[in-house]
There are 2 protein chains.
Amino acid sequence: MPRAGLNQPTVVREAARLADEVGFGQLTLAALAARLGVALPSLYKHVKGADALAQKLSALATAEIAEEMSAAAVGRAGADALRAVANAYRAYARRHPGRYPAAQRAPDPADPEHLAAGERAVAVVYAILRGYGVTGEPAVDAVRAFRSAVHGFVSLEAAGGFGLPRDVDRSFERLVDGLDIAFRSWPGRDQS
Amino acid sequence: MPRAGLNQPTVVREAARLADEVGFGQLTLAALAARLGVALPSLYKHVKGADALAQKLSALATAEIAEEMSAAAVGRAGADALRAVANAYRAYARRHPGRYPAAQRAPDPADPEHLAAGERAVAVVYAILRGYGVTGEPAVDAVRAFRSAVHGFVSLEAAGGFGLPRDVDRSFERLVDGLDIAFRSWPGRDQS
DNA sequence: GAAGCCGGCTAATGACATTAGCTTTAAAGC
DNA sequence: GCTTTAAAGCTAATGTCATTAGCCGGCTTC
């Protein structure tokens, strides 16, 4: 009987695909094992358990989001960069409806890869804010505002929280416009 | 053997208390039954199942949030009302860490109570926006922006997503200040 | 070619949700 | 006050899932 030849990255990547297909809430070790063609307990040779898998998935998704945010920001600044990065973030969440909620789990402090990925994502926002003259301590608040607004929108959208027929894309544009306005007069920014 | 004397409202209320104590994710029919002093299957006399219970919990939490937002808004207008309602929303989420995530589940269209509660909450925000001269279609975008920003903040905060020591209360104030600025120059508002 | 690591397996256990069907309480009706 | 009956509780059975223990055989390494 030949072996399946699994390893941790393969298992985590397949879990990500499965989560995108069936939803993060329906991601189950049983379904994952079936998908990979092995018996359920075999997965324990690669991941410590369901909880640890979710944590790895969070790390993967965080790294991917950071990567796409970075790519969107390159060669842009100011409102242009803000829009591009916000759009990239939302696009990722829509394209990966299973990975995205996984990424909401806070990093395990013992996983330096995960922590670094989170910091890469945040660094993209810091860089944009520098273009608005927002640096130092006030930038911490501004980064939190960006994350709150964009994550909030994306998660409400995914949950079907927007009932009305009004175009959701336009609402997102307005939200990002609002961030732009707020950052332009953010308290404590450098005067120019 | 005397009866427990349960009914649906009692069961749902106790579920809400339990969820606040152990977290929404750990809310289980087994734990709820133990708490109520009955056998697990007995709960099915009052709720259709775990999923239906979560839905009822969503309706309860939505109604409570709407109530607290309304109360916070009374006698206030403009930025004052905006701050008060945003603070009330966040305070509810912090006080009820189990109920709050339950409320993210979209209403069952067949539950008029739930739908009405959601509309009451949204109506509070519409009323505030009227004070900014934001009405009609643009107000739909503005309400979504409010919900996104506040819900996003609250859920990131609950997930432990804000790593840095920087004061979280201040960040929330800045976020709400940002909403105030954005609403003051919201595209499509009535000119005054 | 032998040794041994390690990736796969089966079996067993335990939590939970759900359904079926029984029993008995407690209230309604006579 | 007795009978009736709807429903609130129960036990038992089933199925899914996660987890742990322990076995076995294939691939790599010497």
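Atoms considered below: every heavy atom in the structure, side chains included; atoms not considered: hydrogens, waters and symmetry mates.
- Between K45(B) and G49(B), the residue whose closest nucleotide on DNA chain C is further toward the 5' end is G49(B).
- The salt bridge (charged side-chain N to carboxylate O under 4.0 Å, His left out) pairs that include a residue from residues 25-48 of chain A are E14(A)-R35(A), E21(A)-R35(A), where partners are two or more places apart or lie in different chains.
- Annotation: the terminal axes of the helix from dG1(C)-dC30(D) to dC30(C)-dG1(D) meet at 10°, where each axis is the rotation carrying the C1' atoms of four end pairs onto the next four (5 pairs per end, rounded to 10°).
- Residues Y89(A) and Y100(A) bring their aromatic ring centres within 6.0 Å.
- A distance of 6.0 Å separates CG of D20(B) from NE2 of H96(B), quoted to the nearest 0.5 Å.
- Under 4.0 Å is where a charged nitrogen must lie from a carboxylate oxygen, and between R83(A) and D177(A) at least one such pair does.
- The distance from atom CG of D51(A) to atom C1' of dA18(D) is 11 Å, rounded to the nearest whole Å.
- Taking 4.0 angstrom as the limit, H46(A) places a side-chain polar atom (N or O) nearer than this to OP1 or OP2 of dG8(C).
- The minimum heavy-atom distance between P101(B) and F24(B), with the atom names listed, is CG-CB, 3.9 Å.
- Residues of residues 10-41 of chain A that place a heavy atom closer than 4.0 Å to DNA chain C, in numerical order, are V38(A), A39(A), P41(A).
- A salt bridge is absent between E67(A) and R120(A); no separation between the charged side-chain nitrogens and carboxylate oxygens falls under 4.0 Å.
- In this structure a side-chain-to-backbone donor-acceptor pair under 3.5 Å is present from S148(A) to R144(A).
- Here S42(A) reaches the OP1 or OP2 of dC9(C): one of its side-chain N or O atoms lies under 4.0 Å away.
- Note: F146(A) and F183(A) fail the aromatic proximity criterion, with ring centroids not under 6.0 Å apart.
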